[in-house]
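Lettering follows sequence order; numbering is per chain, from 1.
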2 protein chains.
Amino acid sequence: MRADAQRNVDAIAAAAADCLSRDPEASVADIAKAAGVGRVTLYGHFPSRAELVDAAVARAITDGHAVLDAVDLDGDPRAALARLVDASWELVNRFRSLLLAAQRTLPPGRIQELHQEPADRMRRLLERGRAEGVFRTDLPTSWLITTMQNVMHGAADEINADRLKSADAARYISTTVLAALTPPGHRVP
Amino acid sequence: MRADAQRNVDAIAAAAADCLSRDPEASVADIAKAAGVGRVTLYGHFPSRAELVDAAVARAITDGHAVLDAVDLDGDPRAALARLVDASWELVNRFRSLLLAAQRTLPPGRIQELHQEPADRMRRLLERGRAEGVFRTDLPTSWLITTMQNVMHGAADEINADRLKSADAARYISTTVLAALTPPGHRVP
DNA sequence: GCTAACTCGTACATCAGTGTTCAAGTTATT
DNA sequence: AATAACTTGAACACTGATGTACGAGTTAGC
């Protein structure tokens, strides 16, 4: 593969991640234009819209790994969770529209795979906190994780609708999540 | 208007509510078939897809009012909230797909109107609880309401994906919500 | 039983997006 | 400077949906 072709593939994937992060229904034509490339060229590299979306998501995932890897998960589980939630929130806020696009074009199994890694990260921390008695054990871990995801996704929607300021969101989210995880009979932090 | 025409209008609106509650992308043709009516007849009564969706939503709202009006909001705010959340959950679970359809076709202002009434109901109860010191006051009421909505919507998604049993959902939701509303320093019920 | 209202199927116009083909031009690599 | 790889726009076929037109059949209501 020639160097300029490789550069174009990159530019297209980047443009796809960018466009779909702003509008989940962005057309292939829009993305080609944003990449500064003809539509035909795009199809030369990505045989279908689905593969293009997949590539964009893969890019986002790679970015996400880097951000989450930088989070310190040691020490007090509640403090660690607050840090992890803050970092996750940044990603959700950035890529939520892209994930929406993925949900519409990629098969459900693929979506599952994508959430797998970050969910596992969350799960490990959660289970440590449960073992130490600071997180509740009367609800399934999977439910607690879903709840955290839902709170974050919902916050992103509110921001989009201009009913919530981006600056406030992080504090609201971690406060709410920490309360939701507190075991019955314990005091809310 | 002739009696049979009126009957058809009803049947169409009912079929629309039903179809869209199962598949938010149900086509006009699908709905006509479900109503036992020709597509042309449908267009005779509803000039466009948008008006059809609106009619379906209006039906759902009417149903919703009846359910929520039956909820007793007096007594301990936490118990009352649990009752209200249970009732709301039933509605969300039934109509979530329909609301999705509405979000795609109706203007955002119209959607806002639809959530207004149930949200206000929630808000009044929430504020009473805050005044009595059993709900937290360090986060805006609007955020707390959004959070409850998000938890419910998320649960509905999980059920759809077969990762959550419908029977468990109600308990999970109210437990989680009550914890999230507990004021800092207070014990989780 | 007459009539206006209503319904029906078929057919058609339109639109937006996807994916393909082709012939001609450009550029990286050797 | 030769060549293979790559890019390009214009054109086209296809799909699935919305909405319209028409002419013939059916039914409610008086």
Side-chain angles (χ1 to χ4, degrees), chain A residues 1-58 97-107 110, chain B residues 1-58 97-107 110:
Chain A
M1 176 177 272
R2 238 168 62 179
D4 58 343
Q6 183 59 57
R7 241 178 307 146
N8 273 337
V9 170
D10 271 19
I12 292 169
D18 191 53
C19 289
L20 293 171
S21 289
R22 274 186 274 104
D23 173 14
E25 298 179 31
S27 72
V28 173
D30 294 336
I31 293 169
K33 188 183 292 180
V37 125
R39 205 165 59 95
V40 184
T41 305
L42 190 154
Y43 274 108
H45 296 300
F46 300 91
S48 77
R49 175 174 228 278
E51 303 232 14
L52 183 56
V53 172
D54 207 287
V57 171
S97 168
L98 174 57
L99 276 198
L100 222 156
Q103 276 162 359
R104 284 185 202 168
T105 46
L106 267 37
R110 191 89 180 88
Chain B
M1 175 177 275
R2 240 167 61 177
D4 58 343
Q6 183 57 57
R7 243 179 305 143
N8 274 337
V9 170
D10 271 17
I12 291 169
D18 191 52
C19 289
L20 293 171
S21 289
R22 274 187 273 104
D23 173 13
E25 298 179 29
S27 72
V28 174
D30 294 336
I31 294 169
K33 187 183 296 179
V37 124
R39 205 165 60 94
V40 183
T41 304
L42 191 154
Y43 274 108
H45 295 300
F46 300 91
S48 75
R49 173 173 230 278
E51 303 232 14
L52 183 56
V53 172
D54 206 287
V57 171
S97 168
L98 173 58
L99 275 197
L100 222 156
Q103 275 162 1
R104 284 184 202 170
T105 46
L106 267 39
R110 191 89 180 86

Contact summary for [X] and [Y], nearest pair of heavy atoms:
X     : Y     : answer
A/A5  : A/M1  : CB-CG, 3.8 Å
A/I31 : A/A15 : O-CB, 3.8 Å
A/A17 : A/A56 : N-CB, 3.6 Å

Using distance only, find each side-chain donor-acceptor pair of residues 32-49 of chain A under 3.5 Å and give its atom names and separation, not counting sequence neighbours.
residue	atom	partner	partner atom	Å
A/S48	OG	A/A50	N	3.3
A/S48	OG	A/E51	N	3.4
A/R49	NH2	A/A26	O	2.2

Subject >> Donor-acceptor pair, side chain of A/D30 and main chain of A/S27, under 3.5 angstrom >> reply: yes
Original post:
When you measure from the side chain of B/S97 to the backbone N and O of B/L20, does any donor-acceptor pair fall under 3.5 Å?
Top reply: yes
Original post:
5'-most contact on DNA chain D: B/S27 or B/A3, nearest heavy atom basis?
Top reply: B/S27
In whole Å, I'd like the distance from the [atom1] atom of [X] to the [atom2] atom of [N].
X     : N      : atom1 : atom2 : value
B/Y43 : D/dC22 : OH    : P     : 18 Å
B/R49 : D/dT20 : CZ    : P     : 15 Å
A/K33 : D/dT7  : NZ    : C1'   : 18 Å

Subject >> Where protein sits on nucleotides 5-13 of chain C, one letter per nucleotide: B base, S sugar-phosphate only, - none, heavy atoms under 4.0 Å >> reply: BSSBBBB--
